[in-house]
There are 2 protein chains.
Amino acid sequence: MNDKGRAPTISQVAKAAGVNPSSVSRAFSHPELLSHETVALIKATAEKLGYSPNRSAQALSTGRSGNIALVVPDVANPFFPPLIRGAQAEADRSAFCVFIGNTDEDLRKEELLLRRFSGQVDGVVLAAPQMPDERIRAYAERMPLVLVNRDVPGVPRVLIDSAPGIGEAVAHLAGCGHRRIAYIGGPGTSWSNKQRHSAIQKAAARHGLALVKVPNQLPSYEAGRQAVQSIEGAGVTAIVAFDDIIAQGVIAGLAARNIEVPRDVALVACDDTLGVATYPRLTTISNQSEAAGRAAVSLMNDILGSRVARDVRYVLGTHLVIRMTSGVPSPPPD
Amino acid sequence: MNDKGRAPTISQVAKAAGVNPSSVSRAFSHPELLSHETVALIKATAEKLGYSPNRSAQALSTGRSGNIALVVPDVANPFFPPLIRGAQAEADRSAFCVFIGNTDEDLRKEELLLRRFSGQVDGVVLAAPQMPDERIRAYAERMPLVLVNRDVPGVPRVLIDSAPGIGEAVAHLAGCGHRRIAYIGGPGTSWSNKQRHSAIQKAAARHGLALVKVPNQLPSYEAGRQAVQSIEGAGVTAIVAFDDIIAQGVIAGLAARNIEVPRDVALVACDDTLGVATYPRLTTISNQSEAAGRAAVSLMNDILGSRVARDVRYVLGTHLVIRMTSGVPSPPPD
DNA sequence: CTGTTAGCGCTTTCAT
DNA sequence: ATGAAAGCGCTAACAG
């Protein structure tokens, strides 16, 4: 890793400190086994030489790399950066390093990545909304695996449950007097969409609201804009969108028809990836994706320490964040 | 990396194929040295056993890990995800794996991260807007380093030059008849802000526009909202904001005063991190951050292959993307 | 408490 | 074209 002259090794430190290499090793990994003085001496000389343990060598020797991989479909999709951030932060706490992988949902890339990680990660945290269950199971067979937002029984997973947030959202809308609302979905096959869809159906029924369901395959601005035409004349006064990006597209599509949010129609989004940075600020359902990242890594940690049984299912709740697009109740000063 | 039974090793493959371990090694790293048949045989049995080389072992043996680290201040800041994506994509092309590090601009975290990477990365790509030059130089001394958006002579760097885009923006505004514009800045100490500020100053002078400069320390929505009060009554008809997030805050601040974008004032943002996903869609200066990520990794690649001299300075241009917030010229259909 | 020794999985001379 | 052997930097018994 050094430019000129390689990084100092354990034996150089040992020689400089006048001890055996293994003592240097112990000074770092099991200081309890050494006298305070030797530890101090060793650490001092190590510091002086600018030594730090070579992690590849440690990995090879111990069979544990102290690395994990975080594999996501698209780093740049606003859902993931907070997830990554949370994962990285949690990894930091236990001195793990995190590899990042981007699959674009492409099976070949996935394979390649995982192969490339082999021998240098202890486990992988995987977000793969579209991957078939069996494939996931196969991976889980080969290595410690934690899933994000995929509910595959038998595989440890952390799930973000939109139901509570959606419940609040629907209650909020019902309370504002809306009787007929629309749900503009996301990728039909994704676990999240199924889950959100069924949650809103239940909530709408519970509050006696009519629900218009707009299917939609892509979680994009453009898709949101297009979706608007499907609800023209449907008489809805409020819309719930699958995510923030779609919601922005919906705003644009409505604006093109001279319908203004929230003046003419109320809008609730999901995920809260954009909400704070947008005008009008989105009323949205917080997705906790940073927390999910943390949870996933923490779960991985438990698994690697085998402090945990096989089939863990960690569910995070959600809640409604009322800002401007849902109208009525005076929004926070903003 | 396996759950039950460790991953197959080179010698297991060797035994199964009836050859020497070193031949297996060669089959993967230097197939030219072997007869076609042996290579085929070895690859086949490797495949059958599900073997792939242990990268830690390779790293230890060769002194090259094939990994690089990408260290950024905040993964979740919308500027970085595309950068990360680009870096990862480029790394993929040369079979590199990418570690991700988040510093929050905290020196201790930086140190920790870099130390943690030691021995398992060949180099690091660093984005650190606030780090003192000397510190950066010190890092560069210790390891192959590529900088993003920091212009430290002697250290290889890739820079995004906002000047062209800003030039276009100012010309565009001047062409729309604006005579008096404001620039709402970002973190004063950052290279980007200095660079954008001087670019806009020159461009304004060139077009004979009056320029009101609004200093501002934070690149946040709230900061943008606050900044609006500084230009009240300044008579500006157009605003250029340091980045998209600030721009959104500006829109909110203006809206609070019943000033509407673009009806009453034109707005140009920078970075194009939010532009596509927002309403009204921001006219903004594309920052090419994905390209910058690619370039940085590609540069690192060159450096590691020492195909390149010391002091490289790779500059990416920018351009104006006209959407809705700058008014007048009919925006794209959307 | 600390030194000795034998690998971890792979690459790389050096032989043949 | 392939085998044999040493060693990358570190850890983990095992002695003492």
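Every heavy atom of this structure was used, including side-chain atoms; hydrogens, water molecules and symmetry mates were not.
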*According to the ring-ring contact (aromatic ring centres under 6.0 Å, His included) rule, which pairs have a member within residues 20-44 of chain A, sequence neighbours left out?*
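Listed by first then second residue: A/F28-A/Y51.
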_Pairs flagged by ring-ring contact (aromatic ring centres under 6.0 Å, His included) wherever residues 121-146 of chain B is involved - sequence neighbours left out_ =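 Residue pairs passing ring-ring contact (aromatic ring centres under 6.0 Å, His included), neighbours aside: none found.
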Side chain to side chain donor-acceptor pair (under 3.5 Å) involving [X] - partner list, sequence neighbours excluded:
{"X": "B/E90", "result": "B/R93"}
{"X": "B/S289", "result": "none"}
{"X": "A/D133", "result": "A/R150"}

*Mind checking the OG-CG spacing from B/S190 to B/N149? Nearest 0.5 Å is all I need.*
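Separation between the atoms: 8.5 Å.
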Which residues, if any, of [range] bring a heavy atom under 4.0 Å of DNA chain C?
{"range": "residues 12-23 of chain A", "value": "A/V19, A/N20, A/S22, A/S23"}
{"range": "residues 36-56 of chain A", "value": "A/T38"}
{"range": "residues 24-33 of chain B", "value": "B/S25, B/R26, B/S29, B/H30"}

*Of all nucleotides in DNA chain D with an atom under 4.0 Å from a non-hydrogen atom of chain A, which is the first and which the last going 5' to 3'?*
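Endpoints of the contacted stretch of DNA chain D: D/dG9 to D/dA13.
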*May I have the step-by-step check of side-chain contact (heavy atoms from CB on, under 4.5 Å) for B/Y314 and B/V146, ending in yes or no?*
CA-CA 10 Å; B/Y314 190 107; B/V146 169; over 6 Å; no
*Does B/K109 pair with A/D92 as a salt bridge, N-O distance under 4.0 Å?*
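A salt bridge is absent here (no side-chain N lies under 4.0 Å from a carboxylate O).
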_Please check if the number of heavy atoms outside B/E111 that lie under 6.0 Å from its CD is greater than 12._
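It does: B/E111 CD has more than 12 such atoms within range.
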*For the pair B/T38 and B/R26, evaluate side-chain contact (heavy atoms from CB on, under 4.5 Å) and give the outcome as yes or no after the intermediate values.*
CA-CA 10 Å; B/T38 6; B/R26 291 191 267 253; over 6 Å; no
*CA sep, side-chain torsions, deciding dist, call: A/I42, A/L34, side-chain contact (heavy atoms from CB on, under 4.5 Å)*: CA-CA 10 Å; A/I42 291 175; A/L34 260 42; 4.3 Å; yes
*asked:* Could you tell me if B/S11 and B/T9 have a donor-acceptor pair between their side chains, going purely by distance under 3.5 Å?
replied: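 Their side chains do contain a donor-acceptor pair, which is all the 3.5 Å distance test asks for.
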Only distances under 3.5 Å count here; give the side-chain donor-acceptor pairs of residues 67-80 of chain A to other protein atoms, sequence neighbours excluded, each with its distance to 0.1 Å.
{"residue": "A/D74", "atom": "OD1", "partner": "A/A76", "partner atom": "N", "Å": "2.8"}
{"residue": "A/D74", "atom": "OD1", "partner": "B/R85", "partner atom": "NE", "Å": "2.7"}
{"residue": "A/N77", "atom": "OD1", "partner": "A/F79", "partner atom": "N", "Å": "2.8"}

*Of all the heavy-atom pairs spanning A/G86 and A/R294, show the shortest one and how long it is.*
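So the two residues come closest at O-CG, 3.5 Å.
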*Rounded (10°) bend between the five-pair end axes of the helix from C/dC1-D/dG16 to C/dT16-D/dA1*: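 Comparing the first five pairs with the last five, the axes sit 30° apart.
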*Which nucleotide of DNA chain C is the first, and which the last, in the 5' to 3' direction, to come under 4.0 Å of a heavy atom belonging to chain B?*
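Span of nucleotides near chain B: C/dG9 to C/dT13.
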_Audit row: A/M300, A/L304, side-chain contact (heavy atoms from CB on, under 4.5 Å) steps and yes/no_ = CA-CA 6 Å; A/M300 177 61 79; A/L304 295 177; 4.0 Å; yes
*With salt bridge (charged side-chain N to carboxylate O under 4.0 Å, His left out) as the test, would you mind laying out the steps for B/D311 and B/R157 before giving the verdict?*
CA-CA 8 Å; B/D311 194 7; B/R157 56 220 120 112; 2.4 Å; yes
